[in-house]
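Contents: one structure, followed by commentary.
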Protein chains: 2
Amino acid sequence: MSNQNISKSTLQRLPLYLNYLKSLPDTVINISATAIAEELRLNDVQVRKDLACVSTSGKPKIGYNTEDLIRELVAFLGYDNNNNAVIVGAGKLGRALMGYTGFKEYGLNILLAFDQNPDVVNEQELILPIFRLKEICGRMKIKIGIITVPAASAQEVCDLLVESGVLAIWNFAPVHLKVPDGILVQNENMAASLAVLSNHLSEQIGKNR
Amino acid sequence: MSNQNISKSTLQRLPLYLNYLKSLPDTVINISATAIAEELRLNDVQVRKDLACVSTSGKPKIGYNTEDLIRELVAFLGYDNNNNAVIVGAGKLGRALMGYTGFKEYGLNILLAFDQNPDVVNEQELILPIFRLKEICGRMKIKIGIITVPAASAQEVCDLLVESGVLAIWNFAPVHLKVPDGILVQNENMAASLAVLSNHLSEQIGKNR
DNA sequence: TAGATTGTTAATCGATTAACAATC
DNA sequence: TAGATTGTTAATCGATTAACAATC
C-alpha cells in the first residue's frame, strides 16, 4: 500500500484536517488546501503535501471534493474499522479513559481493563486481574495496549503486553519504554505538556516584573 | 532570566530525565549525561545540551550530582510552585482530569470545573455554570485553562478563557485554537496519537499479508 | 597521568517553506 | 483566456548528531 513512508508529523495533522472538514456546512462542495491552511494557520504547501499522502483527487482551480476528502481521511486514519484495545492500570486515569466514549469515533474500542490491585478488580466493570492479561489478549487477538500504571511499573506492564501479542502501545506513564523492533510506542506525555505550559507562565510572569 | 529560548522539544524531554533520576536508588550520588542517554535511548549530546539549559553543575569525568540535578529540574519545571487551573467542560474527560490527583506532583492544581449544561453543574463537586467563569477566574487570578469541551465549542470557550485573563491553555479538543499573541495553547491531541497507533497497525498487518 | 566526561563548534538530517511549472 | 489551485523541485530552517578540545 501507499502509506509506507508517511511522517509522524503529517499523520498527526490529518485528524485536524478531518475535524475541520466535518465542521463545514454541506454547502461547501469543494475545498482548497489553501483554505484549510488559512483556517488552521498552517502553511498551504504543507497542507497540500499532507493531503497528497491521502488523496489524489485534488484538482487545480477547484480543490478537493469535501465529501470525498472526508471519506479518504476517515479510511486512511482507520476510523471506519474498529481496533480493540485493553487498558492496564485501572486507577483514576485508566478508569477515566475506559469510561470515555469519545474514542469510538476514532475506531478505538476499549474492551477491558486490567489491574494488579485486587481491590479495584471488578468483573462487572470489566476490570480484571492482571494475571489474566496474557491469556485474554492472546485469545481476543488484542493489538493495542494502553498503559496507565505508575511510572515505576510501566516497563514491566509493557513487557507483558508485548508478550501477549500487542503491536502498538499508548503510553501515559512518563517513562521511556523499551520494546522490540516492530512494536510502536506512542507516548501521551501529559507531564511534558505541563512543562511547556508552566514554562510559558514563568516567562510571562518574568516579563511583567 | 535564563529560560528565554529553550526549545519545546527540550522542554518536553526534561520530565523524562527527572522521572528517571527520581527512580534511581540513593546510592547513585553522581550521574552522567551519557548514562541518562543510554537508559532513555537518546543521543548523549542531546541530553547534555538539554541539561545545560537547566544546570551548570556538570563536571567532567564526574557528571552531575544526582540530588542537585533533581532539584534544578524540579525548580525549572515549576513543580515546586502551584499553578491553579480550571477545567471547562465537565464531561467524562473533564471530570476524569479533575479527579486525577497525579497532576499535583507537577505543580498543577485543578480548582474548579465549569460547564454549560445545568444538569452536570454541581457546586458540591465544584462544577459551576459557565456564566460564572469570567468573574471567578478574574478574582482568583487563574492563569491556566483546560479545555475538554467538544470540538465545536472549543474556540468559544477559548475566547472566554482569554477574556478572563488566562495565559496558558491546555487544549484536549481536536481543533486549532486562535489566540492573541502571548497566550500559549498546548494541544493534547489524543486523536493525533490514535492516528499514529492506527497507522502502525495497518502497516504491520499489511506486511503480514 | 590516562580516561571519562563535559561543553562547544561543525556537519547532517528531516521537516517546513518558497519558487515555479502544469492545468482545470 | 486568466487566474486560482495543484503538485513538484529547490531553498531554508531548526533540531539532532558527529567531531573535538577542555578538564576534573
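No hydrogens, no waters, no symmetry mates; every other heavy atom, side chains included, goes into these values. We name chains A, B, ... by the order of the sequence lines, and we start the count at 1 in each one.
- Contact annotation: R48(A) side-chain N/O to dG7(D) OP1/OP2 distance is not under 4.0 Å.
- Among the nucleotides dT5(D), dA15(C), dA15(D), the one closest to any side-chain atom of S7(A) is dA15(C).
- Checking K61(A) against K49(A), the closest nucleotide of DNA chain D that is more toward the 5' end is the one next to K61(A).
- Computed from coordinates, the N30(B) CG to dT6(C) P distance equals 10 Å when rounded to whole Å.
- Under the 4.5 Å side-chain criterion, counting only non-hydrogen atoms from C-beta, V166(B) is in contact with I142(B).
- For the side-chain contact (heavy atoms from CB on, under 4.5 Å) with I87(B), the qualifying choice from L111(B), V149(B), I144(B), L97(B) is L97(B), the only one to do so.
- Taking side-chain N and O atoms only, Y64(A) has a distance below 4.0 Å to OP1 or OP2 of dG7(D).
- The aromatic rings of F103(B) and Y106(B) are tilted relative to each other, their planes meeting at an angle between 30° and 60°.
- At whole-Å resolution of the value, CG in L69(B) and C1' in dG7(C) are 15 Å apart.
- Going from atom CG of D50(B) over to atom C1' of dT8(C) covers 15 Å, rounded to whole Å.
- To the nearest angstrom, P of dT16(C) lies 14 Å from CG of L51(A).
- Annotation: of the two residues near DNA chain C, V45(B) and I62(A), the 5′-most nearest-nucleotide partner is V45(B).
- Atoms CD (Q46(A)) and P (dA18(C)) sit 11 Å apart, rounded to a whole Å.
- Side-chain contact, D50(B) with T10(B): a donor N or O sits under 3.5 Å from an acceptor N or O.
- Using cut-offs of 30° and 60° on the angle between ring planes, the pair W170(B) and F172(B) is tilted.
- Across the protein-nucleic acid pair, K59(A) atom NZ and dA4(D) atom P stand 20 Å apart, rounded to whole Å.
- Of the nucleotides present, dC13(C) is the one that pairs with dG14(D) by Watson-Crick or G-U wobble criteria, both distances under 3.5 Å.
- In this structure, the nucleotide among dC24(D), dA19(D), dT17(C) sitting nearest to the side chain of P60(B) is dC24(D).
- Between the CG atom of D44(B) and the C1' atom of dC20(D) there is a distance of 13 Å, given to the nearest Å.
- The phosphate of dT6(C) has OP1 or OP2 within less than 4.0 Å of a side-chain N or O from T34(B).
- Distance CG (N43(B)) to P (dC13(C)): 13 Å, rounded to an integer number of Å.
- Base pairing analysis places dA22(D) opposite dT5(C); the two distances defining the Watson-Crick or G-U wobble pair are each below 3.5 Å.
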